[in-house]
**Q** 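Take a look at the following structure, please.
Every value quoted in this text rests on a predicted model; they were computed, and no experiment measured them.
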Amino acid sequence: TWREMWEIDVVSIMKEDFIEKDKDRSKYGRLFKMATCSKGSIGSLLASSFCERINSCANQVLTSRNTLLGDGKMEKLVMSRMNRDFMVFMRKNYP
């Protein structure tokens, strides 16, 4: 689940698997270095966008009528809401 992956140190993985293995930058160039070093790094921009999307969906799901939802139920509803187009596609094509 996403909760288990929350603690993963993506920067160290990128350094080990991409930066250190491509010392002369012939394969990946400076892309992974830029993603791990700058304050406006690629990873943080994606993460902040994802968080904003989750919060936006959570605000739509959590209304005055369903404030007593449990954590698991709320998480499922928010993820379903975030992936609404995908869920419609799957129900239509794979009933």
Side-chain angles (χ1 to χ4, degrees):
T1 68
W2 68 270
R3 289 178 193 256
E4 295 167 338
M5 296 187 328
W6 193 261
E7 300 297 323
I8 294 175
D9 185 6
V10 178
V11 173
S12 66
I13 293 171
M14 290 174 76
K15 283 182 180 176
E16 289 175 20
D17 292 343
F18 299 101
I19 296 172
E20 292 174 6
K21 290 183 180 177
D22 186 28
K23 296 273 186 201
D24 62 349
R25 294 189 288 280
S26 61
K27 192 170 185 179
Y28 303 111
R30 289 185 163 76
L31 178 65
F32 291 100
K33 190 77 168 168
M34 293 183 325
T36 59
C37 293
S38 68
K39 287 185 179 179
S41 68
I42 294 168
S44 68
L45 293 176
L46 292 175
S48 66
S49 172
F50 182 72
C51 289
E52 288 174 14
R53 192 168 164 219
I54 286 179
N55 287 335
S56 174
C57 289
N59 285 332
Q60 294 170 1
V61 169
L62 185 66
T63 63
S64 60
R65 292 188 335 207
N66 58 5
T67 56
L68 298 176
L69 292 174
D71 291 346
K73 184 78 166 178
M74 174 63 86
E75 183 177 332
K76 289 174 186 168
L77 287 171
V78 169
M79 290 301 134
S80 296
R81 181 73 173 205
M82 283 182 64
N83 298 308
R84 175 183 275 182
D85 294 338
F86 175 72
M87 298 300 288
V88 168
F89 172 81
M90 291 301 287
R91 286 183 185 139
K92 180 180 175 185
N93 294 302
Y94 303 97

**Q** Quick one: CG on Leu68 to CG on Leu62, what's the gap to the nearest 0.5 Å?
**A** 9.5 Å

**Q** Give the minimum heavy-atom separation between Ile54 and Val78, together with the two atoms involved.
**A**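 Smallest interatomic distance, heavy atoms only, reads O-CG1, 4.0 Å.
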
**Q** Does the side chain of Leu69 reach to within under 4.5 Å of the side chain of Leu77, using non-hydrogen atoms?
**A** yes

**Q** Donor-acceptor pair, distance only, cut-off 3.5 Å: does the side chain of Ser56 make one with the backbone of Glu52?
**A**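 No, the answer is negative, given that no donor and acceptor are paired below the 3.5 Å cut-off.
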
**Q** Run the side-chain donor-acceptor check on residues 82-95: report pairs under 3.5 Å with partners two or more places apart or on a different chain.
**A**
{"residue": "Asn83", "atom": "ND2", "partner": "Met79", "partner atom": "O", "Å": "3.0"}
{"residue": "Asn93", "atom": "ND2", "partner": "Phe89", "partner atom": "O", "Å": "3.0"}

**Q** Considering residues at least two apart in sequence or located in another chain, which fulfil the ring pair (Phe, Tyr, Trp, His ring centres under 6.0 Å) criterion with Phe18?
**A** Tyr28, Phe32

**Q** Can you confirm whether more than 12 heavy atoms, excluding those of Asn59, are under 6.0 Å from its CG atom?
**A**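 For Asn59, atom CG is crowded (more than 12 foreign heavy atoms under 6.0 Å).
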
